Amino acid sequence: MYRYDDFDRAFLEERVAQFRDQVARRLAGDLNEDEFKPLRLMNGLYLQLHAYMLRIAIPYGTLSSLQMRRLAEVAQRWDRGYGHFTTRQNIQLNWIRLEDAPDIIAALAEVDMHGIQTSGNCIRNVTADQYAGVAADEIEDPRIWAEILRQWSTNHPEFSFLPRKFKIAVTGAELDRAAIRVHDIGLRMCRAPDGSTGFEVVVGGGLGRTPLIGKTIRDFLPKDDLLGYLEAVMRVYNALGRRDNLYKARVKILVHDIGAERMAAMVDEEFQAIQAEGGVALDPVLVARIQDHFAPPAYAPAPEGPPEVLALERADPAFARWRATNTAAHREPGYVIVNLSLKPHGRPPGDATSGEMRAVADMADRWSLGEIRVAHEQNLVLPHVRQADLPDLWRAAAAIGFATPNIGHLTDIIACPGMDYCALATARSIPIAERLADRFKNLDRLHDIGPFRINISGCINACGHHHVGHVGLLGVDKNGEEFYQITLGGSAEEDTAIGRIVGPAVSSADVVDAIERLVETYVDIREAGETFLETCRRVGNAPFKESIYAAA
Amino acid sequence: MPLLRQGRAVADIWTHVEGEGELPTDDVAVTVDAARWSADRDRLIARSGPLGVRLANNDPVDLLAEDLGQLALIVLHFPKFSDGRAYSQARRLRRLGFAGELRATGNVLQDQLLLMTRVGFDGFVMAAPDAERRYEAALAAYDHFYQPRRIVAA
Ligand code: HEM
Ligand code: SF4
């Protein structure tokens with residue numbers, strides 16, 4: 001994985017010093033809150049419902065055990081001993097004191113971490129497929145390009161005061177695990193007929209108030225042109241993105257208003273101008289160095305399908321189920337990708353305590369070459385596990401409650417912090433997730449239901465990705481009471497779709513029952529082997545609508 | 001309000017003519033807005049004194065593309081510091097070859113000076129009385145830049 005060099009470290013030290021000075025100026029009254037706000041946001045520091053919240057970037061979701069231990073330490077020393085992993089491959093600490101913030105970011109900088117570009121109207125922390133570099137179905141490791149984008153966008157002098165925040169996601173595999181079509185820019189690595197690799201460029205996706213699926217404006221962009229082309233996109237957006245209305249300031253609105261073809265033409269014109277002025281050429285030495293960082297590790301030879309693991313699988317159905325559900329195919333024979341479920345039934349999705357973070361760091365050191373990934377579904381991933389180590393790892397994960405075999409299933413719920421933490425919320429998300437997880441905790445039933453994704457947001461901003469859940473729940477406030485609007489048929493994968501609203505919002509008291517009736521309807525009407533999403537696409541919303549609003 | 005050039009507070013020699021207002025004598029340095037420039041371009045160029053144009057941040061810079069050699073000053077505006085359109089305008093003007101003074105006006109704050117410098121601004125009108133000190137502090141904050149030195153070949 002990428003290791004900071006002297007340059008990255010020196011930059012970060014300058015950043016820490018600058019922020020320390022800004023906080024000092026704020027505390028001394030030299031900066032007023034209006035002036036200070038964008039500066040603290042540039043370092044991921046929010047003012048939330050109850051306290052300051054610090055959002056720490058985990059670029060493209062890759063984390064070392066050392067970094068994980070530091071997160072544990074920071075959460076313990078300066079927060080309340082836990083953190084929240086988010087859909088944007090960040091971790092949030094919810095109870096920070098402003099006075100401590102400079103020391104915290106100094107402690108993070110020691111392990112090459114920071115909160116830069118986790119907030120504000122800039123190019124945000126670039127996200128990527130959590131299986132990058134190890135997935136069996138991958139064309140190329142997208143993290144090389146995500147890292148190049150991280151460097152290019154860091155303190156970019158032209159793109160730090162955009163009309164709105166700007167999110168880029170990259171995937172290198174056939175299956176889209178990075179939700180690229182609901183990002184401002186989605187990049188999908190692909191192959192040209194001549195065998196060279198490059199990017200499909202998708203622009204103008206996003207959720208929030210106006211959910212839109214991004215449009216492809218370039219089928220194949222050679223890798224060398226990446227920065228020049230993205231600079232062109234950013235410049236068109238900076239000039240033409242609306243600034244008169246917060247809700248219309250995203251690039252998705254621009255693309256929607258002028259059309260994908262016109263957008264593509266304008267970007268191309270700007271790109272040609274940039275090329276004519278000398279272009280934004282990549283330094284091949286630097287690219288090669290970054291590529292080396294992401295070279296596959298030296299895997300010790302490991303047997304494929306070791307007999308003792310197969311034996312345990314036969315002997316212990318719980319292990320067999322966990323293996324089938326929580327692991328994924330690895331490109332290296334004898335190895336496997338392991339998902340640690342951060343959705344133990346009865347806990348807020350995505351939360352981990354300092355102790356749990358340390359335990360995961362230990363597991364990574366023992367069984368995954370010291371590397372951890374954070375998935376946008378709010379789970380953790382150990383990317384380099386020998387199949388032979390699965391039994392031991394499984395027991396260790398179970399000991400901290402991270403072995404629930406629910407990845408991709410109904411209780412693997414994505415939920416934003418909602419009203420428990422967020423100043424913008426209109427309803428709570430976490431308690432709904434917890435109640436649903438409790439209702440569906442029977443694992444036989446969970447597995448009979450099959451692949452099923454419920455996403456919950458506490459307001460229209462859609463941090464919980466509710467539009468792209470197979471079932472989406474959006475919390476709304478009706479005269480001081482919490483209600484939940486239900487959408488059906490969403491997806492964030494290759495077949496990205498925005499869910500359709502079924503009908504009037506359901507009360508907090510009824511919502512879990514309503515979902516249960518909907519699930520029962522699916523189980524009744526599905527055809528053999530059909531997932532919920534497939535059934536939903538075949539029959540439409542009507543039968544589900546009926547069940548949701550059936551008198552309880 | 002202090003005007004900084006090369007980090008030093010200097011007097012503003014320019015007369016900033018509003019809208020269709022009267023022009024001073026021919027030898028005086030004047031700036032006009034984009035509309036006046038378009039309307040009066042030839043007469044302005046015929047004057048002997050230095051010329052400047054003030055662009056609003058939604059004026060297309062292409063408006064000046066043909067005239068960059070005629071201009072000694074282009075003033076770009078930040079109605080609020082969070083509106084970053086003038087960064088792109090500055091970058092494009094420099095890339096198009098503008099060699100005169102690029103001046104930032106409006107909400108120009110210490111923590112933006114470094115970024116402004118890096119897209120090509122070299123003049124700053126700041127509200128803060130201790131603008132020189134702020135400029136120094138802002139430029140001293142970083143020695144390390146990811147663009148262009150780092151990832152982009154020179
Ligand atoms: C707790 C403080 C948070 C605040 C104040 C906040 C604020 C917002 C706002 C205002 C938007 C709407 C942006 C727009 O549509 O232009 C948004 C969108 C979003 N946020 Fe958050 N958020 C918070 C936490 C989170 C968390 C914890 C996550 C991840 C779990 C997250 C991930 C996202 C995502 C994925 C979107 C969708 C953006 C899009 O595609 O348009 N946010 N957030
Ligand atoms: S969706 Fe709304 S409630 Fe949830 S985190 Fe985002 S802004 Fe807060």
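Nothing here was measured: the structure is a model prediction, and the numbers come from that model. Each chain gets a letter, A, B and so on, in the order the sequences are listed, and its residues count up from 1.
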Can you tell which part of A:A17 gets under 4.5 Å to a heavy atom of chain B, answering side chain, backbone, both or neither? neither
Are the side chains of B:H144 and A:L12 in contact, using a 4.5 Å heavy-atom criterion? no
Compare every heavy atom of B:S88 with every heavy atom of A:N238, then report the nearest pair and how far apart it is. ND2-OG, 2.9 Å
Test: B:D111 and A:R25 ion pair at under 4.0 Å: yes
Decide if atom CD of A:Q272 counts as having more than 12 heavy atoms of other residues, nucleotides or ligands within a radius under 6.0 Å. yes
Is the number of heavy atoms from other residues, nucleotides or ligands under 6.0 Å of A:K37 NZ greater than 12? no
Under 4.5 Å to a heavy atom of chain B? For A:Q22 that would be side chain
Does any heavy atom of chain B fall under 4.5 Å from the side chain of A:D34, the backbone, both, or neither of them? backbone
Gap between atom CZ of A:R235 and atom CZ of B:R92 - 0.5 Å precision: 6.5 Å
Tell me, yes or no, whether the heavy-atom count around A:R262 atom CZ, taken from other residues, nucleotides or ligands under 6.0 Å, exceeds 12. no
Looking only at heavy atoms and a cut-off of under 4.5 Å, which of B:V119, B:L109, B:L96 has the most pairs with chain A? B:V119
Which of the residues A:L39, A:L162, A:N121 is involved in the greatest number of heavy-atom pairs with chain B at under 4.5 angstrom? A:L39
A:E269 atom CD, neighbour heavy-atom count above 12 within 6.0 Å: no
Indicate yes or no for a side-chain donor-acceptor contact from A:E158 to the backbone of B:R118 under 3.5 Å, with no hydrogens or angles considered. no
For A:E14 and B:D143 the tightest heavy-atom approach is OE2-N, 2.8 Å
Residues, nucleotides or ligands: over 12 heavy atoms within 6.0 Å of A:Y4 OH: yes
Should the heavy atoms of other residues, nucleotides or ligands under 6.0 Å from CG of A:D6 be counted, would the total exceed 12? no
Heavy-atom count around A:E33 CD within 6.0 Å, excluding the residue itself: above 12? yes
State, yes or no, whether a side-chain contact exists between B:Q147 and A:E231 at a heavy-atom distance under 4.5 Å. no
Looking at every non-hydrogen atom in both residues, tell me the closest pair between B:S82 and A:R243 and how far apart they are. O-NH1, 3.7 Å
Aromatic plane relationship, B:F81 with A:F161 - under 30° parallel, 30 to 60° tilted, over 60° perpendicular: perpendicular
Below 4.5 Å from any heavy atom of chain A, which atoms of B:R91 appear? Answer side chain, backbone, both or neither. side chain
How many angstroms lie between atom CD of B:Q110 and atom CG of A:D21, to the nearest 0.5 angstrom? 6.5 Å
Report which part of A:T154 has an atom under 4.5 Å of a heavy atom belonging to chain B: side chain, backbone, both, or neither. both
Result of checking A:W152, A:F7, A:F159 against B:Y146 for ring pair (Phe, Tyr, Trp, His ring centres under 6.0 Å): A:F7
Give, as side chain, backbone, both or neither, the part of B:Q89 having an atom under 4.5 angstrom from any heavy atom of chain A. neither
